[in-house]
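Here is the structure we will look at.
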Amino acid sequence: MIPETTGPAAVIVLAAGAGTRMKSRTPKILHEIGGRSMVGHALLAARSINPGRLALVVRHERDLVARHLKELDPEALIVDQDDVPGTGRAVEVAVQALDAQEKLAGTVVVTYGDVPLLTGSLLADLVATHEREANAVTVLTALLDDATGYGRILRGDDSSVTGIREHKDATETERLIREVNSGIYAFDADVLRDALVHITTDNSQGEKYLTDVLGLARQSGGRVAAVVTEDRWQVEGANDRVQLSALGAELNRRTVEAWMRAGVTVVDPATTWIDSAVALDEDVRILPNTQLHGATTVARDAVVGPDTTLTDVSIGERTKVTRTHGSGAVIGADAAVGPFTYLRPGTVLGDTGKIGAFYETKNVTIGRGSKLSHLGYAGDAEIGEDTNIGCGNITANYDGEKKHRTVIGSGVRTGSNTVFVAPVTVGDGAYSGAGAVIRKDVPAGALVLSVAAQRNAEGWVVANRPGSRSAELAQAATSDSSHTPASTEEDQR
Ligand code: UD1
Ligand code: MG
């Protein structure tokens with residue numbers, strides 16, 4: 001069953017090229033910008049115009065690409081290109097595969113898997129013009145200062161589009177043409193099918209050129225037209241890593257600008273990186289040198305940064321996250337994180353809670369109002385509400401072989417340097433003294449102390465470090481008449 005849509009009959013995304021200039025073991029279209037593969041961007045733009053069907057033509061590293069596609073867009077049809085090279089052949093095999101499902105009729109759009117900044121709205125404009133003008137072919141073009149390498153748009157005396165000449169096949173005069181073929185088109189399905197049969201590999205590259213469809217369509221009486229975009233980024237492909245980074249920077253510039261227009265304060269757009277899938281509320285403030293990745297979300301009036309990197313983290317309203325590196329965490333409202341905090345996956349901090357300086361957390365649920373303010377590690381643990389975890393507390397969760405859980409109740413107060421040797425449970429309202437090593441469960445309301453008697457060896461420094469500055473000062477202090485040290489070793493609590 002093919003769903004009813006208002007969009008074109010199909011979009012065919014070409015992705016069979018080798019992408020050798022990336023010099024990578026990863027297929028070119030799987031390289032990412034804005035936290036999403038290039039083909040992921042291409043598929044989202046294609047889907048946004050509601051095509052009846054979506055096909056991706058693959059060949060190079062076919063299995064890796066196919067696996068990625070299954071995750072991104074399981075409904076899309078994977079079409080394998082054969083040994084015949086060229087964009088014309090790529091579209092021909094796709095049309096054959098789609099026809100085999102159900103004969104294509106109406107508008108067929110062709111795009112590239114390596115043109116990541118193309119938007120659905122430009123594609124929708126292309127389709128709208130194509131259908132309004134009842135064209136046989138409508139090609140998306142752009143005017144470039146340097147058109148080297150691109151197919152040039154040939155126009156007749158009446159300025160109507162007569163064809164496309166590939167750079168390698170062009171004459172000197174044709175190479176002066178600045179209007180280029182983006183490689184993105186809307187075709188009438190019947191015109192496309194009929195023309196593809198007649199395309200040969202008789203050209204300088206020995207390929208079946210899709211661009212030859214334009215001349216053939218015109219010869220058989222069809223109208224061929226162009227939609228010219230002024231936004232060259234939307235038709236730019238990434239062939240190597242220099243272009244990949246330029247496209248990534250431009251995508252980021254657009255993403256950051258869109259968020260500012262939507263009511264987010266970005267203090268320094270140049271050092272702020274926001275992935276495409278991130279969601280921000282109005283009145284969020286992003287401070288310099290902050291990177292928001294994956295599906296990170298930030299709620300109203302929260303402040304993130306400076307110097308913060310968050311991946312798949314959700315931040316509640318009015319929360320402040322300062323100099324933090326985090327992933328897979330959920331932080332409630334009116335909470336505080338940082339500075340110098342490492343949030344690892346599974347960290348959940350309740351409203352008004354705090355994870356402070358030099359804390360590492362992992363797989364820990366911290367209740368409302370609880371605070372882990374300074375220097376420590378909380379992993380594989382559950383902490384109740386309004387608990388205060390003292391400075392330097394550690395959950396000793398790993399026995400060398402297995403991880404164990406620590407459960408700490410609500411209203412607990414722990415002394416500095418408390419160690420929870422998991423598995424262990426501390427009841428509500430319990431207290432611990434400084435340096436407590438908790439190996440056994442602590443009942444609610446108890447004070448837990450781990451006390452080894454303190455032993456002072458009087459005179460040790462003078463006896464064992466003679467001539468040192470310490471010994472000199474110790475000597476001076478103990479010979480002071482007002483100071484009367486105990487003559488024997490003394491135990492203190
Ligand atoms: C193509 C166009 C050119 C246009 C340029 C825009 C043709 C003949 N030329 O040139 O007019 O200016 O794109 O970038 O169409 N692909 C396949 N199978 C193939 C060959 C390519 O799927 O056999 C895919 C590639 O993966 C890529 C796209 O088609 O996504 C374009 O291929 P590429 O080799 O870059 O075409 P160009 O020669 O640059
Ligand atoms: Mg190319």
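When a ligand or atom number is given, it counts from 1 through the structure's own listing order. Reckoned from all heavy atoms, side chains included, excluding hydrogens, waters and symmetry mates.
Note on ligand 1: Q81 sits in its first shell, one or more heavy atoms being nearer than 4.0 Å.
Crowding of K208 atom NZ: a count of heavy atoms from other residues, nucleotides or ligands under 6.0 Å exceeding 12. Environment of CZ in R47: crowded, with over 12 heavy atoms of neighbouring residues, nucleotides or ligands closer than 6.0 Å. Applying the 6.0 Å contact sphere to CG of D158 captures more than 12 heavy atoms from other residues, nucleotides or ligands.
Proximity to Y209 (heavy-atom distance under 4.0 Å) selects the following atoms of ligand 1: 8 (C). Atoms of ligand 1 found under 4.0 Å from any heavy atom of S182, numbered from 1 in the order shown, are 6 (C). Set against the non-hydrogen atoms of A15, the atoms of ligand 1 under 4.0 Å away are 22 (O), 26 (O). Near G151, the atoms of ligand 1 lying under 4.0 angstrom from a non-hydrogen atom of the residue are 3 (C), 4 (C), 11 (O), 12 (O). For ligand 1, the atoms lying closer than 4.0 Å to a non-hydrogen atom of D114 are 30 (O). The ligand atoms of ligand 1 that sit less than 4.0 angstrom from a heavy atom of A90 are 17 (C), 18 (N), 22 (O).
The distance from the CD1 atom of I49 to the OG atom of S121 is 11.0 Å, given to the nearest 0.5 Å. Interatomic distance, I184 CD1 to T138 OG1, rounded to the nearest 0.5 Å: 13.5 Å.
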Yes or no on side-chain hydrogen bond (donor to acceptor under 3.5 Å, both in side chains) for E207 and T87, after CA distance, side-chain angles and deciding distance?
CA-CA 8 Å; E207 294 182 359; T87 49; 5.8 Å; no

(message) Assess the residue pair V224 and T162 against the criterion (side chain to side chain contact (heavy atoms under 4.5 Å, CB included)); give the C-alpha distance rounded to whole Å, side-chain angles, the decisive distance to 0.1 Å, and a yes or no.
(response) CA-CA 7 Å; V224 176; T162 55; over 6 Å; no

| Would L192 and V91 satisfy side chain to side chain contact (heavy atoms under 4.5 Å, CB included), going step by step from the backbone distance to the final call? | CA-CA 9 Å; L192 180 62; V91 171; 3.9 Å; yes

Open item on the list: Please determine whether salt bridge (charged side-chain N to carboxylate O under 4.0 Å, His left out) holds for the pair R152 and E179, giving the CA-CA distance in whole Å, both sets of side-chain angles, and the decisive distance to 0.1 Å.
Closed with: CA-CA 6 Å; R152 307 300 206 283; E179 186 181 8; over 6 Å; no

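Checking only distances, I164 never comes within under 3.5 Å of ligand 1, N or O to N or O. Not one N or O of Y185 is nearer than 3.5 Å to an N or O of ligand 1, by distance alone. Looking at ligand 1, you won't find any N or O of G149 less than 3.5 Å from one of its N or O atoms. Considering backbone and side-chain N/O atoms, E166 comes within less than 3.5 Å of an N/O atom of ligand 1. Between G17 and ligand 1, a contact under 3.5 Å exists for at least one N or O pair.
Comparing V180, N181, V91, I29 against atom 12 (O) of ligand 1, the shortest heavy-atom distance belongs to N181.
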